[in-house]
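Owing to the predicted nature of the structure, the values given are computational and were not obtained by experimental measurement. Starting from 1, each residue takes its place in the sequence as its number.
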Amino acid sequence: MSTEADPMPSSAPLARTPLPVMAPDAWPPPPWRRVPAPPPGAGPGDPHRRPGRTAAAAACAVLGLGLIGGAVAGTWLTTGPGERGAAQAAYARGADLWRTVPVDTLFPRTIHSATAGPGGAARHWTRIGVAADADCVGAFDPLLARALAPVGCKRLLRAAYTDATSTRVTTVGLLVTDADAAGMRSLGKRFTDERLGERPDLMPRPYAPKGTAAERFGDAQRASWRISVLTDAPAVVYAVTGFADARTGTPPQPAEQAARPGATTAPAQAGLGHDANALADRLEQGFRHAMTRPQETPR
């Protein structure tokens, strides 16, 4: 995933007001916009970096640390300097992995699990498309975009998969954020406390590559989804699944609920929740593994 950077505005303090259930078009768009890529070699201390971006990032760090100061202090006292240094180095690598990590590391061509299906059944998925790395414009329903906006969008990576029967399709995505560790912990806490990952008006949108089983996978076909805010990495991992035959009218259900034993909804019986969980887990594992390894050779 080695195209030039297309950075988004840096993260702002996380608003604590609840997100109401309302028509998506009633919300203004999030503060993400396409901006020119920085000159080659530009980094956090580069003279091309805008002063406003630096100031906003500093403000976010201060406010984020204020919200979770007690938790951070406890972690600092119980974690040794070596462990802290390794975690900080891995976090920093995670912010730029999208530039160099091979596509197959994050999105393998095939994924197999002997137990990921309903009732512990075997499952096999094949990658049918990889999107060019891009910004986050249009990738999420409006309310989800607003919820994620505080951590910013440095880059978005996506791929499409289908199951062995080509009847189910899944988009799996990795949002690389602009946030520091405090910002990610704050967002993760909000998603947990307000159960934002369970709201059908806060869903990721599909990636539907032409000429594949997923080409008719649009917003109306979404049937199950999962969103995971990583608190030890600058990333949000998600997956959204549906049927390849373009059927509509299936009430969407969060993957956690659709994958529960005994669930009888259409997404549950079709195994869509299991697809979302398994593919999101695989992407998260690949990203974490890449964070802790020496820099890989660009594709």
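A salt bridge does not link Asp133 with Lys154: none of the charged nitrogens is closer than 4.0 Å to a carboxylate oxygen. The pair Arg288-Asp232 meets the salt-bridge criterion, since a charged nitrogen lies less than 4.0 angstrom from a carboxylate oxygen. Here Arg123 does not pair with Asp163 in a salt bridge; the nearest charged N to carboxylate O distance is not below 4.0 Å. Salt bridge Asp275/Arg226: absent, no basic N to carboxylate O contact under 4.0 Å. Between Arg190 and Asp193, none of the side-chain N atoms (NZ, or NE/NH1/NH2) sits under 4.0 Å from a carboxylate O, so this pair counts as no salt bridge.
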Trace of the side-chain contact (heavy atoms from CB on, under 4.5 Å) decision for Tyr207 with Phe217:
CA-CA 8 Å; Tyr207 160 57; Phe217 184 24; over 6 Å; no
What verdict does the side-chain contact (heavy atoms from CB on, under 4.5 Å) test give for Arg199 and Glu194, after you've listed the backbone C-alpha separation in whole Å, the side-chain angles of each residue and the deciding distance to 0.1 Å?
CA-CA 10 Å; Arg199 287 178 48 166; Glu194 300 181 27; 5.9 Å; no
Step by step, would you call Thr170 with Val240 a side-chain contact (heavy atoms from CB on, under 4.5 Å)?
CA-CA 6 Å; Thr170 303; Val240 58; over 6 Å; no
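The backbone N or O of Leu144 lies less than 3.5 Å from no partner atom in the side chain of Asp141, so there is not a single donor-acceptor pair. Counting only distance, with no hydrogens or angles, the side chain of Trp225 and the backbone of Gly197 share a donor-acceptor pair below 3.5 Å. The backbone N or O of Pro204 lies less than 3.5 Å from a partner atom in the side chain of Arg222, making a donor-acceptor pair. Between the Ser186 side chain and the Ala182 main chain, no donor and acceptor come within less than 3.5 Å of each other.
Here the CD1-OG1 distance, from Ile128 to Thr212, works out to 4.0 Å after rounding to the nearest 0.5 Å. Here the CZ atom belonging to Arg282 is positioned 10.5 Å from the CZ atom belonging to Phe107, to the nearest 0.5 angstrom. In this structure, the separation between CZ on Arg168 and NE2 on His274 is 10.0 Å, given to the nearest 0.5 Å. The distance from the CZ atom of Phe287 to the OG1 atom of Thr105 is 12.0 Å, given to the nearest 0.5 Å. Taking CG from Leu202 and CZ from Phe140, the interatomic distance works out to 11.0 Å, rounded to the nearest 0.5 Å. Atom-to-atom distance recorded for Ile227:CD1 and Glu198:CD is 10.5 Å, nearest 0.5 angstrom.
Between His124 and His112, the ring planes are tilted. Angles from 30° to 60° get that label.
By the salt bridge (Lys or Arg N to Asp or Glu O under 4.0 Å) test, Asp104 is found to be paired with Arg109, Arg127, residues two or more places apart in sequence or in another chain being considered.
In this structure the side chain of Leu156 never reaches within 4.5 angstrom of the side chain of Leu174, judged on heavy atoms. Contact annotation: the side chain of Cys153 approaches that of Leu175 to within less than 4.5 Å [non-hydrogen atoms, C-beta and beyond]. Side-chain atoms of Val172 and Arg158, non-hydrogen and from C-beta on, never get closer than 4.5 Å to each other.
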Taking distance alone, no hydrogens or angles, what donor-acceptor pairs closer than 3.5 Å link side-chain atoms of residues 253-267 to residues at least two apart or in another chain?
from	atom 1	to	atom 2	distance (Å)
Gln253	OE1	Thr265	OG1	2.4
Thr265	OG1	Ala268	N	3.3

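If you chain together ILVMFWY residues whose side-chain heavy atoms come under 4.5 Å of each other, Leu272 ends up grouped with Phe243.
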